[in-house]
Amino acid sequence: MITNELNERLITLANTYENEDYFANDPVNFAHVYVDKVDQEIVGFISSWMAYGNRIQIVRTTRKLLEEISKVSSYDPCMFITERQWVDMPHAKDEVLYRFYTYGDFYNLCEALYKIYDKHLTMEEAVLASHDKLPPRLKVPATEWVQAVISLFPNVKGVPQDTKSACKRVCLFLRWMVRSPSPVDLGIWAHIPKRSLLIPLDTHVNRMARQLGLLQATKGANMKAVLELTANCRQIFPDDPTRADYALFGYGITHKNYEDTKKITEKAI
């Protein structure tokens with residue numbers, strides 16, 4: 001049950017953490033550097049693909065990779081993909097890129113992106129087309145947009161091939177692309193409703209959600225947990241459930257205990 005107290009706390013925490021200052025050192029900012037929609041899509045997907053583990057390390061490694069891309073493509077991510085310029089990168093396929101990723105995994109991701117832009121003007125257009133082609137068994141309202149994205153990246157390591165897992169990085173990418181207005185998310189996709197987005201369930205969000213009682217029926221960090229949490233967050237933010245991600249992630253990454261939320265919310269309310 002969502003109490004009035006919990007409702008007020010999450011709204012206050014979302015207001016507190018959804019700001020440019022708090023997310024000044026976050027992977028989402030790499031896409032904000034660009035103006036062209038396709039550049040933002042490409043850099044946004046690569047950044048979300050890299051988004052696992054320690055946030056400082058994610059940003060450091062992603063920045064290094066994007067700097068390499070810029071050197072090869074003259075700061076043009078679209079050209080890097082559409083002209084297959086990743087083949088000019090000096091790294092062997094089996095060279096480690098980041099944790100369990102190799103450069104070969106990154107080259108496979110680039111190949112998938114190439115196929116998307118070879119047929120479509122934007123990735124949004126490709127996702128919409130993929131969504132229309134989903135078989136009825138996959139066009140489940142709760143997960144259909146996640147499924148539409150992952151179907152574009154077959155056999156790419158780091159991109160789930162089904163919706164059994166939490167699909168955290170795909171949910172994060174969709175939040176970046178869809179949510180508007182926001183000082184953090186780009187909001188450059190106009191055809192997917194914010195209401196349909198799912199919470200990116202990382203360690204901090206999972207922990208805070210369980211302490212707050214927003215996750216009770218489902219054990220583990222899987223899609224069932226994502227759907228339970230998103231449904232509960234939709235009671236607080238009916239048309240924009242992933243706004244709760246700012247409250248849960250923002251506070252969870254800097255605090256260990258739910259009871260500490262009283263200190264910040266009592267000051268803000």
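Between the K168 side chain and the A51 main chain, a donor and an acceptor come within less than 3.5 Å of each other. No donor-acceptor pair closer than 3.5 Å links the side chain of T242 to the backbone N or O of D245. Proximity of a side-chain donor or acceptor of Q161 to a complementary backbone N or O of I150 within less than 3.5 Å is not detected. Counting only distance, with no hydrogens or angles, the side chain of N29 and the backbone of H32 share no donor-acceptor pair below 3.5 Å. Using modelled atom types, no side-chain atom of R84 and backbone atom of Y114 make a donor-acceptor pair closer than 3.5 Å.
Hydrophobic clustering (side-chain heavy atoms under 4.5 Å, transitive across Ile, Leu, Val, Met, Phe, Trp, Tyr) keeps M79 apart from V72. L65 and V87 fall within a single hydrophobic cluster, where Ile, Leu, Val, Met, Phe, Trp and Tyr are joined by side-chain heavy atoms under 4.5 Å apart, directly or via other members.
Side-chain contact between N232 and Q235 is present, with at least one heavy-atom pair separated by less than 4.5 Å. Between Y251 and Y17 the shortest side-chain heavy-atom distance falls below 4.5 Å. The side-chain heavy atoms of L229 and N206, taken from C-beta on, include no pair separated by under 4.5 Å.
For the 3.5 Å distance criterion, the side chains of E8 and T12 fail to qualify, holding no donor opposite an acceptor. One side chain, D105 or T102, offers a donor N or O that lies under 3.5 Å from an acceptor on the other. Between the side chains of W176 and Q40, not a single donor N or O lies within less than 3.5 Å of an accepting N or O.
With V226 as the partner, the side chain to side chain contact (heavy atoms under 4.5 Å, CB included) test is satisfied by one option alone out of L215, L198, V146: L198. When each of F30, Y117, F173 is tested with F45 by the rule ring pair (Phe, Tyr, Trp, His ring centres under 6.0 Å), just one qualifies, namely F173. When each of P77, P27, S48 is tested with V43 by the rule side chain to side chain contact (heavy atoms under 4.5 Å, CB included), just one qualifies, namely P77.
Y34 contributes atom OH, which lies 6.0 Å from atom CG of L66 (distance to the nearest 0.5 angstrom).
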**Study point:** Test salt bridge (charged side-chain N to carboxylate O under 4.0 Å, His left out) applied to E5 and R9, step by step
**Key:** CA-CA 6 Å; E5 179 186 19; R9 282 191 184 174; 2.7 Å; yes
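Taking the centre of each ring, F153 and W49 stay at or above the 6.0 Å mark. Ring centroids of Y98 and Y52 are separated by less than 6.0 Å, placing the two rings close together.
Residues in residues 14-31 take part in these salt bridge (Lys or Arg N to Asp or Glu O under 4.0 Å) pairs, two or more places apart or across chains: E18-R179, E18-R243, D26-R55. Legend: ring pair (Phe, Tyr, Trp, His ring centres under 6.0 Å) pairs involving residues 219-247, not counting sequence neighbours, sorted by first then second residue: F23-Y246.
The environment of NZ in K37 is crowded: more than 12 heavy-atom neighbours from other residues, nucleotides or ligands sit within 6.0 Å. More than 12 heavy atoms of other residues, nucleotides or ligands lie within 6.0 Å of OH in Y101, so this atom counts as buried by the packing criterion. Around NZ of K133, the count of heavy atoms belonging to other residues, nucleotides or ligands within 6.0 Å does not exceed 12.
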